[in-house]
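To keep things clear, I will list the structure first and then write my remarks on it.
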Amino acid sequence: MPEQHKPDGAVSAAGMGGAMDLAADEAATLERTPGGPGGAGPRGRPRSLWSDAWRDLRRNPVFLGSALVILFLVLISLWPSLITSGNPLTCDLAKSQEGSQPGHPFGYDGQGCDVYTRTVYGARASVTVGVCATLGVAVLGSVLGGLAGFFGGLGDAVLSRLTDVFFAIPVVLGGLVLLSVVTSNTVWPVVGFMVLLGWPQISRIARGAVITARQNDYVQAARALGASPARILLRHIAPNAVAPVIVVATIALGTYIALEATLSYLGVGLKPPSVSWGIDISAASPYIRNAPHALLWPSGALAITVLAFIMLGDAVRDALDPRLR
């Protein structure tokens, strides 16, 4: 076939082969274009749920504000010496209940301890308990709930009845009973108690998410192609069922921090000489009329921390909820 010369010097071949070559060239051009066609991701691939969620979170001021607060809490938990040089266990009874002074902006508590230093060091126990309990609950609940939802049968029925039993146990009352016999003053008995009573909620969420994902067409196709149950569960179901677990676990993290403070306030959580906001709130309660500052600062730090984690969880939930898109 003769070649057709265009005014701009471009050469195209007539016929079906030339059309296919042009289509291939256009596709290659679109693939090299940043962002791809129609607002898709890099190299023309459509955005995934996670990339869309991250894009929404970066534009959400609630997420950014709560993330900055949490980052600050994590930093002072790991390195409290960044913002204080005092010792939380050094007290002077001669300064009992005194107010703000130079170098001691929060004043002193009933034992003459620096409230500012104890408030800073108290973040370590609260963040440690919250993060460790959340990780333990998420892992245990996801594994048990995911396996029960995927295989069903007798195991699913037993797990459902077992979760009903744990849901019937009052959390604070269970903590008073179980932790009252523990003499350790570390965070691990409290973390273990929270994991013991907290996994049923995550387990039920994971079970429902797996049952929903198991009915999708891509899972049926993988099963028809001969994929093993382990591969189907880990490669096809788990990535699509983990979003609700992450949302619930993020919100629950703030609840676990508040629960640790409650148990420490009641005297069955962390115990002296451990430094905790719950311990400081309990010690400052009898002096609320004479030294309200000793109660105000640890209570305020606890409230801000719990609020930051709850707001973070709400932002993550809104970003991962496909119904809001």
Side-chain angles (χ1 to χ4, degrees), residues 48-54 56-57 60 62-71 73-74 77 123-150 159-160 162-163 166-167 169 171-172 174-175 187-188 190-213 233-234 237-263 269 302 304-324:
S48 65
L49 172 65
W50 302 104
S51 61
D52 274 347
W54 175 239
D56 293 342
L57 288 174
N60 190 341
V62 174
F63 171 78
L64 296 177
S66 58
L68 288 176
V69 173
I70 293 172
L71 178 61
L73 290 169
V74 171
S77 299
R124 173 178 294 177
S126 297
V127 172
T128 301
V129 169
V131 171
C132 293
T134 301
L135 290 176
V137 166
V139 171
L140 181 61
S142 298
V143 171
L144 294 179
L147 292 177
F150 182 74
L159 182 68
S160 298
L162 186 62
T163 55
F166 276 92
F167 276 128
I169 301 176
V171 177
V172 176
V187 301
W188 303 116
V190 180
V191 171
F193 162 74
M194 292 182 181
V195 173
L196 178 64
L197 292 188
W199 68 267
Q201 180 185 17
I202 298 293
S203 175
R204 183 161 291 183
I205 297 296
R207 174 181 175 273
V210 169
I211 290 177
T212 301
L233 181 61
L234 296 178
I237 294 182
N240 296 281
V242 72
V245 174
I246 294 176
V247 171
V248 174
T250 306
I251 298 176
L253 201 156
T255 305
Y256 293 141
I257 293 177
L259 179 59
E260 178 275 322
T262 302
L263 295 175
L302 175 63
I304 292 174
T305 301
V306 174
L307 180 62
F309 278 106
I310 292 178
M311 292 174 62
L312 181 72
D314 288 340
V316 173
R317 178 198 59 196
D318 294 342
L320 291 178
D321 191 350
R323 294 172 296 182
L324 300 178

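Counting from 1, the numbers follow the sequence of the chain as shown.
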Query raised in the report: Under the ring-ring contact (aromatic ring centres under 6.0 Å, His included) test, which residues partner Phe167, sequence neighbours left out?
Result: none
Query raised in the report: Is there a donor-acceptor pair closer than 3.5 Å between any side-chain N or O of Ser142 and the backbone N or O of Ala138?
Result: yes
Query raised in the report: Val190 versus Leu259: any side-chain heavy-atom pair under 4.5 Å?
Result: no
Report summary line: Here the gap from Leu57 atom CG to Ser66 atom OG, rounded to the nearest 0.5 Å, amounts to 9.0 Å
**Report entry** Minimum heavy-atom distance Phe193-Val171, with the two atoms named
**Finding:** CZ-O, 3.2 Å
Report summary line: One should read off an interatomic distance between Leu307 CG and Leu312 CG, to the nearest 0.5 angstrom, of 11.0 Å
Report summary line: On a heavy-atom basis, the closest approach of Ala209 and Ala241 is CB-O, 3.6 Å
Query - Atom pair CD1/CG of Ile202 and Leu140 - distance to nearest 0.5 Å - result: 10.5 Å
Requested in this report: Give me the one residue out of Val306, Ile310, Leu73, Thr262 that meets side chain to side chain contact (heavy atoms under 4.5 Å, CB included) with Ile257.
Outcome: Val306
**Report entry** Separation between CG of Asp318 and CG of Asn60, rounded to the nearest 0.5 Å
**Finding:** 7.5 Å
Requested in this report: Check Gly149 against Arg207 and note the closest heavy-atom contact, atom names and distance.
Outcome: CA-CG, 3.9 Å
Query raised in the report: What pair of heavy atoms forms the shortest contact from Leu233 to Gly146, and how long is it?
Result: CD1-O, 4.5 Å
Query raised in the report: Hey, does the side chain of Ser126 reach the backbone of Ala123 with a donor-acceptor pair shorter than 3.5 angstrom?
Result: no
Report summary line: Separation between CG (Leu320) and CG (Asp52), nearest 0.5 Å, reads 10.5 Å
Report summary line: Rounded to the nearest 0.5 angstrom, the CD1-OG1 distance for Ile70 and Thr250 is 8.5 Å
Query - Residue pair Ala206 / Gly141: nearest heavy atoms and the distance that separates them - result: CB-O, 4.2 Å
**Report entry** Side chain to side chain, Tyr256 and Val195, heavy atoms closer than 4.5 Å
**Finding:** no
Query raised in the report: Tell me, do Val187 and Cys132 make a side-chain contact under 4.5 Å, heavy atoms counted?
Result: no
Report summary line: What one should report as the nearest heavy-atom pair of Leu253 and Gly130 is CG-O, 3.7 Å
Report task. Would you indicate whether the side-chain heavy atoms of Asp314 and Phe63 approach each other to under 4.5 Å? Result -> no
Report task. Taking the side chain as every heavy atom from C-beta outward, state whether Ile251 and Phe309 have any pair of such atoms under 4.5 Å apart. Result -> no
